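Working notes, structure below.
Counting from 1, the numbers follow the sequence of the chain as shown. Please read all numbers here as calculations on a predicted model, not as lab measurements.
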Amino acid sequence: MADTYAGLELRSTVTAGGELKLNLVPVTVDPPGDGEVVVRVQAAPINPSDLGLLLGPADLSGMVAGRDDHGPTLTAPVPADRLGAMKTRLNKSMAVGNEGAGVVVAAGAGAEALLGKTVGMLGGAIYTQYRKLPARDVIPLPDDATAADGASMFVNPLTALAFTEVMKRDGFTGIVHTAAASNLGQMLNRICLADGIPLVCIVRSDEQAALLRGQGATHVVDSSKPDYREQLEDALADTGATLAFDAIGGGKQVNDILMAMEAAANRSAKEYSRYGSDTFKQAYIYGALDMGPTILGRGLGFSWGVNGFLLTPVLMKAGMEKVLEMRARVAREIKTTFASHYTGTLSLAEALDPANVATYNRKATGEKYLIDPSAGA
């Protein structure tokens, strides 16, 4: 076993002068201690949550490619009116990447059984060539699974499972999901089909609708269609779903869903109420594909809620036993229910190419990219 492991790590810095800088930094990983492992990272997805840290508030129309002693660099201006929200990260070189997978190349006492195994891992700073982690933060993959198979086994799978746990915990009986043809959305559809949970999928194109219907979805509504509201109301009346998870964030999507839920509930009302139905309607915003304001109008009744959704607090509330159960299910079904499909794979250097940045930052539904740090810089 080597004493140390040297490699490159992708870093993101926002300067007080209003510039985003991405660069590759040499790092040395010490040997693992008791209960720790060192993983040679072979696959790490670019999730929307990663992009928030990687690119921050930069104006990417001003990207400039460069180079230093360790490889390519990329800079972009950060508008002055966006720097206020960055106060706590200014001038700090920050490691990026929430999750990934690779091969365990060193293991400390108590973790020897993981040596040589391909594992999925969670812990941040994964856009790096070597990562040391507590053994509890890695999960061995099935023998027939690759690092790419296991790269996205935490954020999206656990988020999709958490949606269903929140539904059960809070007494709801069905789910509405926007951007439903996404990688996460396809996982949620497969979970709901397997677990008998009514699901209303909201998409934005015929192609996305066909994709989900081809995977067995029964209630798919296209928000680009002129009869969207009527179709949505019918689907909600049919499923009884009054819990929504929204990946869009800005605009009137949440408002439209809550209004349709209220209209569906009023179909069975026995008498008029000036306060609307007594059916409680809940929407959680977990994404920001639209960075504009969330617009809520009237006509929702008075029995509703809109909240943000963060995975970690939900998992903490669920408890360790439930989280371990969820993680075990993901590992068992990594090539079926929780399978991920990628548009392309980039090296660390390629991830800093302006053309590639513009492509993966589109966050287009159905497009997902991997970084393979082992491909070099």
Side-chain angles (χ1 to χ4, degrees), residues 47-49 98-99 120 122 139 152-203 211-213 215-221 232 235-249 253-254 257-258 260-261 264 279-287 304-340 365:
N47 292 317
S49 55
N98 287 319
E99 62 179 336
L122 180 72
I139 298 178
S152 297
M153 70 181 299
F154 287 96
V155 176
N156 282 348
L158 292 182
T159 298
L161 285 171
F163 290 171
T164 66
E165 289 303 315
V166 168
M167 183 202 76
K168 298 168 189 173
R169 181 195 73 192
D170 295 342
F172 294 97
T173 57
I175 292 173
V176 181
H177 187 223
T178 67
S182 65
N183 187 276
L184 187 157
Q186 293 177 55
M187 289 183 188
L188 180 62
N189 180 52
R190 292 191 287 267
I191 293 168
C192 290
L193 288 171
D195 296 358
I197 297 172
L199 175 67
V200 177
C201 302
I202 298 177
V203 298
L211 173 68
L212 287 172
R213 291 194 179 103
Q215 295 180 10
T218 55
H219 294 89
V220 184
V221 183
L232 178 58
L236 294 171
D238 189 39
T239 60
T242 52
L243 172 66
F245 293 94
D246 174 54
I248 309 302
Q253 182 75 277
V254 167
I257 292 169
L258 292 174
M261 287 178 177
T279 298
F280 183 70
K281 306 165 289 292
Q282 175 69 52
Y284 287 102
I285 297 174
Y286 76 93
W304 54 272
V306 177
N307 296 84
F309 178 95
L310 286 173
L311 177 60
T312 300
V314 172
L315 295 181
M316 291 176 65
K317 185 174 289 188
M320 184 54 66
E321 183 177 353
K322 174 57 68 174
V323 172
L324 291 176
E325 177 187 314
M326 294 162 70
R327 286 171 53 161
R329 179 176 180 181
V330 174
R332 287 195 310 271
E333 303 174 25
I334 194 63
K335 293 175 72 70
T336 54
T337 306
F338 303 102
S340 293
T365 299

With the side chain counted from C-beta on, respond yes when [X] and [Y] share a heavy-atom pair under 4.5 Å apart, and no when they do not.
{"X": "F338", "Y": "I191", "value": "yes"}
{"X": "N98", "Y": "F154", "value": "no"}
{"X": "L258", "Y": "V306", "value": "yes"}
{"X": "V254", "Y": "I248", "value": "no"}
{"X": "T242", "Y": "F172", "value": "yes"}
{"X": "R190", "Y": "T336", "value": "no"}
{"X": "I257", "Y": "T178", "value": "yes"}

Taking all heavy atoms of [X] and all of [Y], pick out the closest pair and write down the distance.
{"X": "Q253", "Y": "D246", "value": "CG-OD1, 3.8 Å"}
{"X": "L315", "Y": "V323", "value": "O-CG2, 3.5 Å"}
{"X": "V203", "Y": "A181", "value": "CG1-N, 4.1 Å"}
{"X": "Y284", "Y": "V166", "value": "CE1-CG1, 4.0 Å"}
{"X": "M326", "Y": "L161", "value": "CE-CB, 3.6 Å"}
{"X": "H219", "Y": "L199", "value": "CB-O, 3.5 Å"}

Nearest-0.5 Å distance, [atom1] of residue [X] to [atom2] of residue [Y]:
{"X": "L193", "Y": "T218", "atom1": "CG", "atom2": "OG1", "answer": "7.0 Å"}
{"X": "T239", "Y": "I175", "atom1": "OG1", "atom2": "CD1", "answer": "10.5 Å"}
{"X": "I197", "Y": "N189", "atom1": "CD1", "atom2": "CG", "answer": "11.0 Å"}
{"X": "L243", "Y": "M167", "atom1": "CG", "atom2": "CE", "answer": "8.0 Å"}
{"X": "L310", "Y": "I285", "atom1": "CG", "atom2": "CD1", "answer": "12.0 Å"}
{"X": "L211", "Y": "R213", "atom1": "CG", "atom2": "CZ", "answer": "11.0 Å"}

> Under the salt bridge (Lys or Arg N to Asp or Glu O under 4.0 Å) test, which residues partner D238, sequence neighbours left out?
Replying inline: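 So D238 forms no salt bridge (Lys or Arg N to Asp or Glu O under 4.0 Å) with any residue.
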>> Once side-chain contact (heavy atoms from CB on, under 4.5 Å) is applied, do any residues pair with S340, and if so which ones, sequence neighbours excluded?
In response: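 Once residues adjacent in sequence are excluded, the partners of S340 under the side-chain contact (heavy atoms from CB on, under 4.5 Å) criterion are S152, N183, M187, Y342.
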> Do any pairs count as a ring pair (Phe, Tyr, Trp, His ring centres under 6.0 Å) and have a residue in residues 313-332, sequence neighbours left out, and if so which ones?
Replying inline: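 For residues 313-332, and leaving out neighbouring residues, there are no ring pair (Phe, Tyr, Trp, His ring centres under 6.0 Å) pairs at all.
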> Any side chain to side chain donor-acceptor pair (under 3.5 Å) pairs touching residues 168-177, not counting sequence neighbours?
Replying inline: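 Sorted result for residues 168-177: H177-Y286.
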> Going by the side chain to side chain donor-acceptor pair (under 3.5 Å) test, which pairs reach into residues 311-328, not counting sequence neighbours?
Replying inline: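 As it turns out, the side chain to side chain donor-acceptor pair (under 3.5 Å) pairs with a partner in residues 311-328, which skip direct neighbours, are K322-E325.
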> Going by the angle between their ring planes, with limits at 30° and 60°, are F245 and F163 parallel, tilted or perpendicular?
Replying inline: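 F245 vs F163 ring planes: parallel.
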> What residues, two or more places apart in sequence or in another chain, satisfy side chain to side chain donor-acceptor pair (under 3.5 Å) together with N307?
Replying inline: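 By the side chain to side chain donor-acceptor pair (under 3.5 Å) rule, N307 matches Q282.
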> Do T164 and L188 pass the side chain to side chain contact (heavy atoms under 4.5 Å, CB included) test, and can you show the C-alpha distance, the side-chain angles, and the key distance before you say yes or no?
Replying inline: CA-CA 9 Å; T164 66; L188 180 62; 4.1 Å; yes
